[in-house]
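As structure tokens, the structure follows; a few thoughts come after it.
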Amino acid sequence: MAPAADGCCHHSQSSKELRGKILKAFLYDSKHKSFQDLKDGAFSIKDHLKDHKNVDATVKELKIAAKPDFSVFIEEDMREIQRISDQLQRKPINNVINAFRYLRTACPNSTFVDHLARVTFQNHPASRNVPLPAPHQIMPFTFFKRGKVVAAQRSIPGVDNLVLELTDPNKMLQDGDILPTSAKFDKERRIAWWREDLGMLTHHYNWHIAYPYPPKQPRDRQGELFGYMHEQMLARYDFERIAVGLNRVQPYGPGFGWDKPLVEGFNSQLAMCSVRGANSNLSSSNTYYIGKGVPNTISLDDMKRYKDRISSAIAVGFLYKDAQNKVMLDLKDGMNHLGNTMQANQGSVNKTLYGNLHNNGHVILGRINDPSGMYQIPPGPMNYDQAAPRDPVFFRWHKFIDNLFEEHRSNLPYQNVQDLVFDGISIESFSVKLEPSEEDEEKLEKSKVFSETENHFYTHMENKWYKIYNSNATEEGGDSDYSSASVSQKALNHIPFSYEIKVKNDNKHEQNIVFRIFLAPEIDEGGPLDHSRTMFVELDKFVVSVKKGTKTIKRQDNQSSVILNPQPTVEDIATKDGPLRGDCMCGWPLNLLVPRGTAAGMRGNIYVMASDWNKDGQDPYSGMEGSASYCGKQGAKYPDKRPMGFPFDRLVVNRDGSSPVGTLGEFVEAVPNSFSEKVTITFLDKWPIQEKREDGKRASRQRDRQKGE
């Protein structure tokens, strides 16, 4: 089957000239004409609008001003974004560009301005196909620790964290930087490297841009995807926790420890976030500020009532739209209705009755230090979509949300293994094969642990370098008129691999087959397969046409339907000729496709199922290209009609329906169009740290790792 060209979002055929103009709208301009008469000191855009004649005309007309502590989880903030963006989309593109050039220089670190710019340019008729610069390059203080950015500004080599030798005046940073503490003994720090992964953070940030909140209508199956995408983040996080000797995530929310101290303290070391001390308490006597709308506060008692109402609705199998009408939580649409209601988007069945559970939880946990805003303490990471996954409580909160989804799934009809059989199709073998570059092979030999090339994943850490802008840094020999700096960060990666599937078609005609690949840790929790069902992480989903007979299919890791396509950097946008691919930047990072594993070798199970795409697919001639599994497709229905996570979306029972399927082996035996293999994931802890260039690519790589090649 010929793959379709589109992924989760748009692809750019824009001109280099227009790309360059829009790029400047994201870059701080110290020579902007509107600010040449200002003296050094604090800047107020409101005062500038009032007292200066050089204000951009569009900004002045629409009275655009940055919102402090902007949050996608506050409905009032998102309505303001949409109100302004709708008006900007009706303006000539050059007027819009000039407005954002002004705003970016007036408010270079405003998350409100950055979000508004992305929503506007992605939807303006003249720019919706233009690739936008990566958010971490443009807003470095929101993605990199403050000490890293300051160190980059001051060209301090070798600084990898905020712990500096204060006895050396040449290494002094400005007041307010974090000093050495005993936080290194916090067990949650064992997995901080994963929570701080730049690709994971930008995926979460861009997912919330791609999937709207009020007042826009939700996209196709947005509520279900909201649940599934975050469930997959949890599954991957649990996989990593097990590898470093931690327990699976425990929920934290109304009825789940909400009334007890939050054990985990957290310091994100981001400039915009406050610190949360260990054993902090949510105040039952206070109300939490959630914006200037009506209502503008919420209490813990309110949250418990909303949670109880949702749980009651799940128990009876329907949500109340109003006093006379019910919306059924059935197999077809129940997950979507429930997800829309918990996310409280425009698809919520009844926001008055069921509240804004998910988003208000983010705001409450983000404002734990200053519930009412009385002391003007900045919110913590949970207030911000680009920072929230850094915080351990993000996953505890989403475990609470996922438990509600699981309550619903437990009420759905069970899957019978007989219904999963694809007549005439069987998988005869399935394996994972390493495909290391020459450079990888040399390092594998030096590591002295490399012995298996089949059904064995190898992971390692590497040092990535990124160029950042809008940090007031300078860099000699830069390739841009605008100042930049370089920041390094360690990240996980893996030795490249491919899947090899041998499938047999005994039918008379060619079959359109979708292959669904999952990976789970091998753990003994007792009980049936259902007890570990939520541990399966999706690795890939792809469609192949198979004629009568046997066919061997090979699929590269970098073709996965969960990962993000390589995106253009600021430097690409500024210098490259010809069209550039411009996606929404939503998608799981390739470097985190495979969990880290352990130095001794972590055991796991990899599983593949073949099903009929002519029945399962929205379009039999289009597959799961791009990052469709976690991000869908822009302007189209979600491509797979099956429940997200299928076949692990709910309990599977044996043929007579008398009992759950016991093990993965029994599952495969009952469903011949599936196959599983035991795999090992080895973390090469002695792997030489691989430097990468500032654009994030390996300094000397023997093969191109671009997705799909």
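Counting from 1, the numbers follow the sequence of the chain as shown. These values consider heavy atoms only, across backbone and side chains, with no hydrogens, waters or symmetry-generated copies.
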Is a side-chain N or O of N123 found less than 3.5 angstrom from the main chain of V119, in a donor-acceptor match? yes
Would you say NZ of K304 has more than 12 non-hydrogen atoms from neighbouring residues, nucleotides or ligands within 6.0 angstrom? no
CA sep, side-chain torsions, deciding dist, call: L319, T341, side-chain contact (heavy atoms from CB on, under 4.5 Å): CA-CA 9 Å; L319 294 157; T341 300; 3.8 Å; yes
Atom pair OG1/CG of T534 and D649 - distance to nearest 0.5 Å: 12.0 Å
Can you name the nearest heavy-atom pair linking L198 to Q489, along with the distance? N-NE2, 3.9 Å
How about P643 and E224: do any of their side-chain heavy atoms sit closer than 4.5 Å? yes
Look at the side chain of R236 and the backbone N and O of L592, then say whether any donor-acceptor pair between them is shorter than 3.5 Å. yes
Among D29, N109, D114, side-chain hydrogen bond (donor to acceptor under 3.5 Å, both in side chains) partner for R104: D114
Hey, mind stepping through Y213 and N359 against side-chain hydrogen bond (donor to acceptor under 3.5 Å, both in side chains) and telling me if it holds? CA-CA 10 Å; Y213 187 42; N359 297 319; 3.1 Å; yes
Check whether any side-chain heavy atom of Y228 sits under 4.5 Å from a side-chain heavy atom of E538, and report yes or no. yes
Quick one: does R367's side chain have a donor or acceptor within less than 3.5 Å of a partner on G373's backbone? no
Just by modelled atom types, is the P392 backbone N or O under 3.5 Å from a matching donor or acceptor in the E264 side chain? no
Please tell me whether Q82 and D86 have a donor and an acceptor in their side chains that are separated by less than 3.5 angstrom. yes
Mind running salt bridge (Lys or Arg N to Asp or Glu O under 4.0 Å) on R305 and D302 for me, showing each step along the way? CA-CA 5 Å; R305 278 193 294 272; D302 294 331; 2.3 Å; yes
Given K541, which partner from the list S560, S629, P639 fulfils the side chain to side chain contact (heavy atoms under 4.5 Å, CB included) test? S629
Taking all non-hydrogen atoms of both residues, which atom of P140 and which atom of S471 are closest, and how far apart? CG-CB, 4.1 Å
Looking only at side chains, do T287 and S299 share a donor and an acceptor under 3.5 Å apart? no
N340 and G223 have their tightest heavy-atom pair at OD1-N, 3.0 Å
If you compare all heavy atoms of F400 against all heavy atoms of F256, which two are closest, and at what distance to 0.1 Å? CD1-CD1, 3.6 Å
Roughly how far, to the nearest 0.5 Å, is the CZ atom of R90 from the CG atom of N95? 14.0 Å
Check whether the ring centres of H208 and H203 lie less than 6.0 Å apart, and answer yes or no. no
Would you say the rings of Y205 and F143 are close, in the sense that their centroids are separated by under 6.0 Å? yes
Is the charged tip of R219 near the ring of Y211: under 6.0 Å from the six-membered ring centre and within 45° of its axis? yes
Any chance you could measure N356, atom CG, to I298, atom CD1, to the nearest 0.5 Å? 7.5 Å
Residue pair M229 / W207, side-chain heavy-atom distance below 4.5 Å: yes
Given R396, R390, R241, the one that forms salt bridge (Lys or Arg N to Asp or Glu O under 4.0 Å) with E188: R241
Charged N to carboxylate O below 4.0 Å: is that the case for K91 and E61? yes
Checking the side chain of D56 only, and the main-chain atoms of Y102 only, is there a donor and an acceptor separated by less than 3.5 Å? no
Between M78 and V72, is a side-chain contact (heavy atoms from CB on, under 4.5 Å) present by the stated rule, with each step listed? CA-CA 6 Å; M78 294 307 296; V72 300; 3.9 Å; yes
Could you give the distance from CG (N470) to SG (C107), rounded to the nearest 0.5 Å? 12.0 Å
Do M233 and Y630 come close enough that some side-chain heavy atom pair is under 4.5 Å? no
On the 0 to 90° scale, with breaks at 30° and 60°, tag the H358-F226 ring pair as parallel, tilted or perpendicular. perpendicular
Verify whether one side chain among Q343 and N345 offers a donor that lies under 3.5 Å from an acceptor in the other. yes
How are the rings of F121 and F26 set relative to one another: parallel (under 30°), tilted (30 to 60°) or perpendicular (over 60°)? tilted
Hey, does the side chain of N206 reach the backbone of C586 with a donor-acceptor pair shorter than 3.5 angstrom? no
Can you spot which of R248, H398, K399, R195 makes a side-chain hydrogen bond (donor to acceptor under 3.5 Å, both in side chains) with Y237? R195
Could you grab the distance from atom CH2 of W588 to atom CG of D197, nearest 0.5 Å is fine? 8.0 Å
Return the OG1 to CE distance between T202 and M139, rounded to the nearest 0.5 Å. 14.0 Å
Of all heavy-atom pairs linking L357 and W397, the shortest is O-CZ2, 3.3 Å
Residues R276 and D391 bridged, charged N to O under 4.0 Å: yes
Under 4.5 Å between any side-chain heavy atoms of S372 and Y288, yes or no? no
Looking at Y354 and Y320, would you say the former's side chain and the latter's main chain have a donor-acceptor pair under 3.5 Å? yes
Is any side-chain heavy atom of D385 closer than 4.5 Å to one of H204? yes
Would you mind checking if E76 and R79 are paired as a salt bridge, meaning a charged N to carboxylate O distance below 4.0 Å? no
Would you check if the side chain of T120 reaches a backbone N or O of L116 as a donor-acceptor pair within less than 3.5 Å? yes
Show your reasoning for whether side-chain contact (heavy atoms from CB on, under 4.5 Å) applies to L282 and L365. CA-CA 8 Å; L282 291 171; L365 290 166; 4.3 Å; yes
Please check: side-chain N/O of T58 versus main-chain N/O of A99, any donor-acceptor pairing under 3.5 Å? no
Before you tell me yes or no, could you show the steps for I97 and I22 under side-chain contact (heavy atoms from CB on, under 4.5 Å), namely the whole-Å CA-CA distance, both residues' side-chain angles and the distance that decides it to 0.1 Å? CA-CA 6 Å; I97 291 171; I22 291 176; 3.8 Å; yes
Run the salt bridge (Lys or Arg N to Asp or Glu O under 4.0 Å) test on E75 and K351 for me, step by step, so that the C-alpha distance in whole Å, both residues' side-chain angles and the decisive distance to 0.1 Å come before the verdict. CA-CA 12 Å; E75 183 169 339; K351 194 179 296 186; 3.2 Å; yes
Using a 4.5 Å cut-off on heavy atoms from C-beta on, say whether the side chain of F141 contacts that of L270. no
Side-chain touch F405/H408, heavy atoms, less than 4.5 angstrom: no
With no hydrogens and no angle check, is any side-chain donor or acceptor of S127 less than 3.5 Å from a backbone partner on V130? no
Heavy-atom pair with the smallest gap, counting every atom of N369 and I377: O-CD1, 3.9 Å
